[in-house]
Amino acid sequence: MRANIPADLARRSYVGGHPPLKTDVQKWQGILHKQGWGAPHWPVEYGGMGWDPIRLHIYMEELYNADGLDYGWQGLNMVAPVIIAFGSAAQKQRFLPRMLSGDDFWCQGFSEPNAGSDLANLRTRAELDGDEWVINGQKIWTSDARESNWGFFLVRTDPNVKPQKGISFLLAPMDTPGITIRPIESIEGGMGLNEVFLENVRVPRDNLVGEAGMGWTYAKYLLEKERTASAFLYFNKRELAKAKEIASRETIDGISLLEAPEFARKVARVEADLNALEWSVLRILYGERTVQNNDAVVSALKIGGSEMQQRVTALQLDALGARALREYHGTGPEVMAGNANWPAHIPGVAARYLFSRASTIYGGTREVQKNIIAKLAFGL
Ligand SMILES: Cc1cc2nc3c(=O)[nH]c(=O)nc-3n(C[C@H](O)[C@H](O)[C@H](O)COP(=O)(O)OP(=O)(O)OC[C@H]3O[C@@H](n4cnc5c(N)ncnc54)[C@H](O)[C@@H]3O)c2cc1C
């Protein structure tokens, strides 16, 4: 990976920022695809590697070590497993190769203004009119809607049954007439989030995945698919390494911050907890079958991993002190190089810290995860 990643792309990936440049994501996906690693976690028959979970784990560690991009998330990692498991032969043939090659990017239209944690309450409707579904409603927090050419949507197709039973899983090209996308600026200045308005959006009947009314089941499958990804392990390990690197370069009273006892203790605390998180993930990967369907474990990893994101990025911020506050966005040449007054390890620190506030919200909030643990692990 290190031998094949372009230096400028690796640098932008190191700095971070949400979302990454689409050109970078496309280029990196092309490089991986050429090597046969376009979607290592997919079954071999669809272009995956068929690796066991431990191999995949090693692969992901190396990808992050090389500052490769871990993106294309919504397509390769989320909608693809659903299409593989429940989609028609035509859908597999049409969509999977274009995800592998990086030609298609996907966004996830689940959340609505009144349906986040309470997703089953979603109101966006789709009605069959001849051979077309007509969609009306609104989605929100849709990551990368503007960069994506396809979206997968949860829509209500039957309002007369129990909320979970009336939901279907529909695919729509994002340039379909009637779709309006409005960006939302996030706390660190990124523009990856969006509102998506759907007004008489017509898509072919065949864009339904599986059966009508089964969308909730497919969405649950999608969310459970990457069980251990919820620990954000690879991100956390890379960011801790960066925090240590920053601390080794910053000095206090003439000694490196990494050797200053108070800061060293902070680092050790975070590192010990991250090691524990890693062993929890490895235990699950190693004995994966025994914890199948164990939602409480997944929720515990999500809480541990998302809080860890906030802790490792806070450590970086602490190491820089006030210098981290200076705005330092973008992907311009200054971000690449750094200089004597503005060392290369500063860019991105404040933005990563700020964006990590969202980690305890997306993918199911911390409170909702705690409810799941209370119910499933403790029977409360
Ligand atoms: C950066 C980011 C990216 C996102 N990307 C996407 C995307 O691509 N596609 C998409 O569909 N969605 C996306 N989301 C939306 C995300 O899934 C929701 O924000 C999340 O599910 C929470 O829903 P909500 O924002 O409506 O908050 P709410 O559900 O309104 O929650 C508000 C507060 O109430 C608490 N709360 C809610 N219910 C309970 C309860 N039963 N018990 C205790 N406390 C409770 C919550 O923990 C939270 O603190 C993204 C969100 C973020 C922040």
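Counting starts at 1 for both ligands and their atoms, in listed order. This structure is a prediction, so every number in the text was calculated from the model and none was measured.
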Discussion item. Working note: W106 + F95, criterion ring-ring contact (aromatic ring centres under 6.0 Å, His included); need CA distance, chi angles, decisive distance, verdict.
Written reply: CA-CA 10 Å; W106 288 74; F95 296 122; 5.3 Å; yes
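Nearest non-hydrogen protein atom to atom 52 (C) of ligand 1 is Y362 CB, 3.6 Å. Closest to atom 9 (N) of ligand 1, if we only count protein heavy atoms, is Q108 O, 2.7 Å. Of the protein's non-hydrogen atoms, N371 ND2, 3.5 Å is the one closest to atom 41 (N) of ligand 1. With respect to atom 53 (C) of ligand 1, the closest heavy atom belonging to the protein is A358 CB, 3.8 Å. With respect to atom 19 (O) of ligand 1, the closest heavy atom belonging to the protein is I361 CG2, 3.5 Å. Of the protein's non-hydrogen atoms, G116 C, 3.7 Å is the one closest to atom 21 (O) of ligand 1. The protein heavy atom nearest to atom 7 (C) of ligand 1 is W141 O, 3.0 Å. Nearest to atom 45 (C) of ligand 1 among the protein's heavy atoms is E367 CB, 4.3 Å.
Under the 4.0 angstrom criterion, atom 30 (O) of ligand 1 counts as lacking any protein heavy-atom contact. Counting protein heavy atoms under 4.0 angstrom from atom 35 (C) of ligand 1 gives zero.
Residue D118 has no nitrogen or oxygen atom sitting less than 3.5 Å from a nitrogen or oxygen atom of ligand 1, judged on distance alone. In terms of polar-atom proximity, defined here as any N/O pair under 3.5 Å, S117 does make such a contact with ligand 1. Considering backbone and side-chain N/O of S111, one or more are found under 3.5 Å from N/O of ligand 1.
Salt bridge status for E112 with R123: absent, with no side-chain N to carboxylate O gap under 4.0 Å. Ion pairing between a basic and an acidic side chain is recognised when a charged N comes within 4.0 Å of a carboxylate O; E262 and K266 show no such pairing. For the pair K22 and D144, the salt-bridge criterion is not met [side-chain N within less than 4.0 Å of a carboxylate O]. Between E307 and R366 there is a salt bridge, since a side-chain N of the basic residue sits under 4.0 Å from a carboxylate O of the acidic one.
Residue-ligand proximity, Q74 to ligand 1, at heavy-atom distances under 4.0 Å covers atoms 8 (O). In the vicinity of F110, heavy-atom distances shorter than 4.0 Å reach the ligand 1 atoms 11 (O).
Residue contacts with ligand 1, taken as heavy atom pairs separated by less than 4.0 Å, involve L193 solely via side-chain atoms from C-beta onward. The residue D144 has no part lying near ligand 1, judged by heavy-atom distances below 4.0 Å. Under 4.0 Å from ligand 1, the heavy atoms of T365 that appear belong solely to its side chain. Counting heavy atoms under 4.0 Å from ligand 1, residue K139 does not touch it at all.
Distances from atom 5 (N) of ligand 1 to the heavy atoms of G151, A115, S143 put S143 nearest.
Note that OG of S13 is 8.5 Å distant from CG of D24, once rounded to the nearest 0.5 Å. Taking CE from M308 and CG from L274, the interatomic distance works out to 5.0 Å, rounded to the nearest 0.5 Å. Between I140 atom CD1 and L193 atom CG the span is 9.0 Å, to the nearest 0.5 Å.
Between Y234 and Y64, the ring-plane angle classifies as tilted under the 30° and 60° cut-offs. Relative ring orientation between W37 and Y59 is described as perpendicular, the plane-to-plane angle rising above 60° on a 0-90° scale split at 30° and 60°.
Contact annotation: the side chain of F169 approaches that of L154 to within less than 4.5 Å [non-hydrogen atoms, C-beta and beyond].
Figure legend: K242 and Y14 shown as a cation-pi pair, the cationic atom lying under 6.0 angstrom from the six-membered ring centre and within 45 degrees of its axis.
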